Enquirer: 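Please see the structure below; I have some questions.
Residues take their numbers from the sequence shown, with the count starting at 1. Bear in mind that the values here come from a model prediction, so they are computed numbers and not experimental data. Worth knowing before you read on, the calculation uses all heavy atoms, side chains too, and leaves out hydrogens, waters and symmetry mates.
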Amino acid sequence: MENMKEQTVLETTEELILGETGSADVIEYQPLSEEQLEESHDEQVSDTKASGATPGNRAAQTLRVIVEGYDPSKIKDEDENSHVDQTWKEIYRAYTNRMIMQARMVGMEIKLGKPCAVVRLNHVTGYIPLDLSGFDNTKQMENFIGEVIAFKILNYDRDGDVFTASRVAALEHMAGLTWKRIAVGQIAPAVVRRVDPKRLRLDIGGILVNVPATEVDYGWVDDLREKYRTGDQVKVKIMEVNLEKKEIKVSMKALKRDPWPDCTRRYRLHAEYVGTISGIEEYGVFVRLENGVDSLCRHPRNQTILQKGDEVLVRITNIDVENKHFSGKILKKL
């Protein structure tokens, strides 16, 4: 008997969300006119009389009235069941319409012998198996704990408050939409998926693209890990698109102010300036004159020990406007 009641509740909930036509539109509040209110009141009174109840003991029914200044979106509802129902409405709607959902990955568990990413929608727990996660291994999956990920609902268990999902399906859906809309010259939002010393791996609407340090910023970029983290949100400019090969090139620095050639008005040939060491390589030392402007200098011959962040006095020995490059000589450590 209890199973029949639970099934009836489930069917009733699905009808509320999906409607007779299977549409997943959310039912919005519509204010009642006085005529509609009277008709509704008469019907409820008639139903109450037929059932033998009195108007004073109909506490389980909803009192439908017009209240001046009432906005249902601002009501402070402390009934937990309302939040439960709303969460399942969203899940039903996404499942029925094959929509993409997003939630924070809160952990990893082993289910049926498979490592799964765990996401939560309020009280409902979702499991995304490794082979449907888009991750190559459990280490990659673990690195995403705490990040918001996209997925599509595959199936669900209302009684158990759980569902299974596929991140791969969501990424493919997003990538398909992106390839239809992308064009050279557009500015696009992106999320950092991996940070290497000289490269960022970005997610642009389901499309993964590598951005070298030379396209991240002007000047010398010593280590991108000092500034960027997985999950950071950035903007890029679409520079090239090859639909046949499914390849794109993007630039972050194209959206920033180019200090060249204006900087040549502030730094003169053979003049001396204070700078900060921004990088040390085998072939030379980079000295930051200002943001986006560095001078490449030879290692000092006087055995001076230099470290990143040291202030030095540098003499400009060459200015290459075409290649946006300064060369210099370190005179002394300050």
Side-chain angles (χ1 to χ4, degrees), residues 2-30 72-73 77 79-135 138 140-141 144-181 189 191 193 203-208 231:
E2 291 183 359
N3 291 336
M4 292 181 62
K5 289 183 178 179
E6 292 177 358
Q7 183 65 26
T8 302
V9 171
L10 179 58
E11 292 175 353
T12 303
T13 306
E14 289 179 335
E15 290 175 0
L16 172 63
I17 298 166
L18 305 179
E20 296 180 357
T21 61
S23 172
D25 294 336
V26 177
I27 302 174
E28 298 182 355
Y29 171 81
Q30 297 293 337
S73 66
D77 191 348
D79 183 2
E80 290 187 3
N81 289 330
S82 65
H83 299 296
V84 171
D85 290 342
Q86 185 59 40
T87 300
W88 275 106
K89 285 180 184 179
E90 295 174 1
I91 293 173
Y92 286 144
R93 181 167 177 258
Y95 174 77
T96 304
N97 293 279
R98 292 175 292 182
M99 296 170 61
I100 294 171
M101 300 193 78
Q102 297 194 69
R104 190 182 186 205
M105 181 177 167
V106 297
M108 291 172 55
E109 292 184 21
I110 302 297
K111 289 290 183 182
L112 298 178
K114 294 183 178 181
C116 296
V118 180
V119 296
R120 286 223 173 84
L121 296 171
N122 294 325
H123 65 291
V124 183
T125 301
Y127 296 100
I128 305 175
L130 178 62
D131 56 343
L132 297 177
S133 69
F135 303 120
T138 55
Q140 285 187 10
M141 178 181 284
F144 262 70
I145 294 178
E147 302 296 333
V148 175
I149 62 175
F151 53 86
K152 281 189 170 185
I153 306 290
L154 298 180
N155 49 57
Y156 57 83
D157 177 4
R158 173 68 188 267
D159 293 334
D161 275 335
V162 297
F163 64 83
T164 57
S166 170
R167 179 171 175 260
V168 170
L171 293 177
E172 290 175 348
H173 186 165
M174 291 188 293
L177 294 175
T178 303
W179 283 118
K180 291 179 180 179
R181 301 169 181 172
V191 176
R193 294 304 183 200
D203 180 347
I204 305 174
I207 300 174
L208 295 177

Enquirer: Side chains of Glu90 and Leu121: does their closest heavy-atom pair fall under 4.5 Å?
Expert: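 No. Closest side-chain heavy atoms not under 4.5 Å.
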
Enquirer: Looking at residues at least two apart in the chain, or sitting in another chain, which of them share a side-chain contact (heavy atoms from CB on, under 4.5 Å) with Glu172?
Expert: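 Applying side-chain contact (heavy atoms from CB on, under 4.5 Å) to Glu172 gives Val168.
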
Enquirer: How close do Ala169 and Lys152 get, heavy atom to heavy atom, and via which atoms?
Expert: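 Closest pair (atom of Ala169, atom of Lys152, distance): CB-CD, 4.0 Å.
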
Enquirer: Measuring from Ile149:CD1 to Met105:CE, what's the distance to the nearest 0.5 Å?
Expert: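 Going from the CD1 atom of Ile149 to the CE atom of Met105 covers 6.0 Å.
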
Enquirer: Taking the side chain as every heavy atom from C-beta outward, state whether Trp88 and Asn122 have any atom pair closer than 4.5 Å.
Expert: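 Side-chain contact under 4.5 Å: no.
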
Enquirer: Rounded to the nearest 0.5 Å, how far does CD of Gln102 lie from CD of Glu147?
Expert: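 These two atoms lie 12.0 Å from each other.
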
Enquirer: Over all heavy atoms of both residues, which pair between Cys116 and Lys111 is shortest? Give the atoms and the distance, please.
Expert: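 Where Cys116 meets Lys111 most closely, the heavy atoms are SG-CB, 3.8 Å.
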
Enquirer: Could I get the full list of side-chain contact (heavy atoms from CB on, under 4.5 Å) partners for Asn155, not counting sequence neighbours?
Expert: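 Partners of Asn155 by the side-chain contact (heavy atoms from CB on, under 4.5 Å) criterion, ordered by chain and then number, come out as Thr164.
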
Enquirer: Salt bridge (charged side-chain N to carboxylate O under 4.0 Å, His left out): which pairs involve residues 112-128, sequence neighbours left out?
Expert: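 Counting only pairs at least two positions apart or across chains, the salt bridge (charged side-chain N to carboxylate O under 4.0 Å, His left out) contacts touching residues 112-128 are Lys114-Asp131.
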
Enquirer: Does Leu130 have any side-chain contact (heavy atoms from CB on, under 4.5 Å) partners at least two apart in sequence or in another chain, and if so, which?
Expert: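 Leu130 satisfies side-chain contact (heavy atoms from CB on, under 4.5 Å) with Pro115, Ser133, Phe135, Thr138, Met141 once adjacent residues are dropped.
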
Enquirer: Would you say that Phe163 contacts Met101 through its side chain, given a criterion of any heavy-atom pair below 4.5 Å between the two side chains?
Expert: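 Answer no - side chains too far apart.
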
Enquirer: Who passes side-chain contact (heavy atoms from CB on, under 4.5 Å) against Met174, sequence neighbours left out?
Expert: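 Met174 satisfies side-chain contact (heavy atoms from CB on, under 4.5 Å) with Ile100, Ala150, Leu171 once adjacent residues are dropped.
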
Enquirer: Once you round to the nearest 0.5 Å, how far does OG1 of Thr125 lie from CG of Asp157?
Expert: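 The OG1 atom of Thr125 sits 11.5 Å away from the CG atom of Asp157.
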
Enquirer: So which heavy atom on Ala103 is nearest to which on Val119, and how close?
Expert: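 Heavy-atom minimum between the residues: CB-CB, 4.2 Å.
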
Enquirer: Going by the rule ring pair (Phe, Tyr, Trp, His ring centres under 6.0 Å), which residues pair with Tyr127 if we only count those two or more places apart in sequence or in a different chain?
Expert: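 With sequence neighbours excluded, Tyr127 shows a ring pair (Phe, Tyr, Trp, His ring centres under 6.0 Å) to no residue whatsoever.
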
Enquirer: At their closest point, which heavy atom of Ile128 faces which heavy atom of Phe151, and how far apart are they?
Expert: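 In terms of heavy atoms, the two residues are closest at CD1-CB, 3.9 Å.
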
Enquirer: Side chains of Val191 and Val148, heavy atoms from C-beta outward: is any pair under 4.5 Å?
Expert: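 Counting from C-beta outward, Val191 and Val148 never come under 4.5 Å.
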
Enquirer: With rounding to the nearest 0.5 Å, note down the distance linking CD1 in Ile204 to OG1 in Thr178.
Expert: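 It comes to 8.5 Å.
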
Enquirer: Can you see which heavy atom on Pro129 is nearest to which on Ala165, and at what distance?
Expert: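 For Pro129 versus Ala165, the nearest heavy atoms are CD-O, 3.7 Å.
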
Enquirer: Would you say CG of Leu112 has more than 12 non-hydrogen atoms from neighbouring residues, nucleotides or ligands within 6.0 angstrom?
Expert: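 Not more than 12 within 6.0 Å, no.
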
